[in-house]
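Here the structure is laid out as structure tokens; the discussion comes afterwards.
One-based numbering along the sequence shown. Atom set for the values below is all heavy atoms of this structure, side chains included, hydrogens, waters and symmetry mates excluded.
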Amino acid sequence: MKLSLTTTLALLVLAPSANAFAGMSSTSNADVSRRESFANVAAIVGGIAGLALPKVASAMPDEETPRVIARMGGLLEKYGDVQRGLSLSVPSGWNKFEGEVGAYDIKWQDLVDQKENVKISSTPVKSTTTSISALGDDVQALGQKLASKRDAKLIKASERITDGILFYTFEFAINDKTHQLLGLCVHKGKIWSLDCNTTERRWKGKEEMYYNIVGSFLPNLKN
């Protein structure tokens, strides 16, 4: 079964030894440091095993970006999940599916075109991992690695701080003629992934809505 991005990341972060990473150098220290763990994560996600990352947390956005609350004339509706502790805007009228192990926690899917969907995934990480910046503070370089893993072209990569949480956002044009907008953050001991998907042909019609969805997501229940 194909693992989700967050599961792939967390398996590497939580692994007791770097010996678990095929093609990577071993270490005798069972408690792999946060920086080493996420360096391994980024290397495998990017398909470039053993590639060193820049030093962590040397630069971050210095201003808060407000949460997006646009409803787009009813195209989006507010959603909150008390059990999972998250909130965001989701497409009105789309089918909602509960989790598929190793794939997603929640999914919303268009009634007609199954390639149009929005998925949230989360996976626990070490308690010492408190920010997505542990993956590397060069968001463009990380985006290129993720694009390589997807057989895709990186269109945009950005970072922002909303409600005190650092978010990375990536836009990919994938070679299977689909388009993806991906948001990543770390909060409450988990890596959170929000990905919005559609066909390349329909991307322009979904672009504004998908960016509003990603901009609305918070791994908490604040209004």
Side-chain angles (χ1 to χ4, degrees), residues 1-22 24 30-49 53 56-57 79-88 90 96-109 117-137 139 142-143 145-150 152 157 159 162-170 172 180-197 213-214 216-221:
M1 178 172 59
K2 184 178 180 181
L3 297 179
S4 67
L5 171 65
T6 48
T7 301
T8 303
L9 296 179
L11 284 173
L12 296 174
V13 173
L14 295 174
S17 168
N19 287 326
F21 313 136
M24 292 191 170
D31 184 18
V32 181
S33 71
R34 180 181 74 177
R35 181 170 177 272
E36 289 170 338
S37 297
F38 272 93
N40 290 339
V41 169
I44 285 186
V45 167
I48 310 172
L53 287 176
V56 172
Y79 175 82
D81 189 313
V82 175
Q83 182 177 357
R84 294 182 174 93
L86 61 86
S87 57
L88 75 161
V90 301
K96 176 176 171 287
F97 299 90
E98 289 295 327
E100 179 180 319
V101 177
Y104 59 84
D105 296 351
I106 321 172
K107 179 173 74 171
W108 291 266
Q109 185 171 282
N117 58 73
V118 174
K119 299 192 294 287
I120 295 175
S121 305
S122 66
T123 306
V125 293
K126 281 184 170 183
S127 60
T128 54
T129 302
T130 59
S131 172
I132 198 66
S133 65
L135 276 174
D137 56 10
V139 68
L142 178 58
K145 294 181 178 70
L146 292 171
S148 175
K149 183 68 175 178
R150 285 163 167 70
E159 55 189 324
T162 300
D163 200 41
I165 303 168
L166 178 63
F167 292 83
Y168 286 172
T169 302
F170 305 98
F172 303 106
Q180 182 183 72
L181 189 65
L182 171 69
L184 294 173
C185 73
V186 170
H187 190 57
K188 298 185 297 189
K190 294 181 179 181
I191 295 175
W192 296 86
S193 168
L194 170 62
D195 60 276
C196 305
N197 306 279
I213 291 171
V214 170
S216 74
F217 174 71
L218 283 177
N220 59 45
L221 288 171

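Using modelled atom types and a 3.5 Å distance limit, the side chains of S122 and D105 yield a donor-acceptor pair.
Looking at every heavy atom in both residues, V186 comes nearest to I165 through O-CG2, 4.1 Å. Among all heavy-atom pairs drawn from F172 and A152, the shortest one is CB-CB, 4.0 Å. Smallest separation of non-hydrogen atoms from K188 and R84: NZ-O, 3.7 Å. The heavy-atom pair separating S193 from L182 by the smallest distance is OG-CD1, 3.4 Å. Of all the heavy atoms in P219 and C185, the pair that sits closest is CG-SG, 4.1 Å. The minimum heavy-atom distance linking V139 with E159 is given by the pair CG1-OE2, 4.2 Å.
In this structure, F167 and F217 have perpendicular ring planes: the angle between them is above 60°, well past the 30° mark. Ring pair Y168/F170 is perpendicular by interplanar angle, where above 60° counts as perpendicular and below 30° as parallel.
For the atom pair CG of L166 and OG of S131, the computed distance is 4.5 Å after rounding to the nearest 0.5 Å. Here NZ of K119 is found 10.0 Å from CG of L194. Values are rounded to the nearest 0.5 Å. Between L86 atom CG and N220 atom CG the span is 9.0 Å, to the nearest 0.5 Å. Remark: D195 CG to N117 CG distance equals 7.0 Å, nearest 0.5 Å. Atom CD1 of I120 is separated from atom CG of D81 by 8.0 Å, given to the nearest 0.5 angstrom.
Both the sub-6.0 Å distance and the 45° axial angle are satisfied by K107 relative to the ring of F97.
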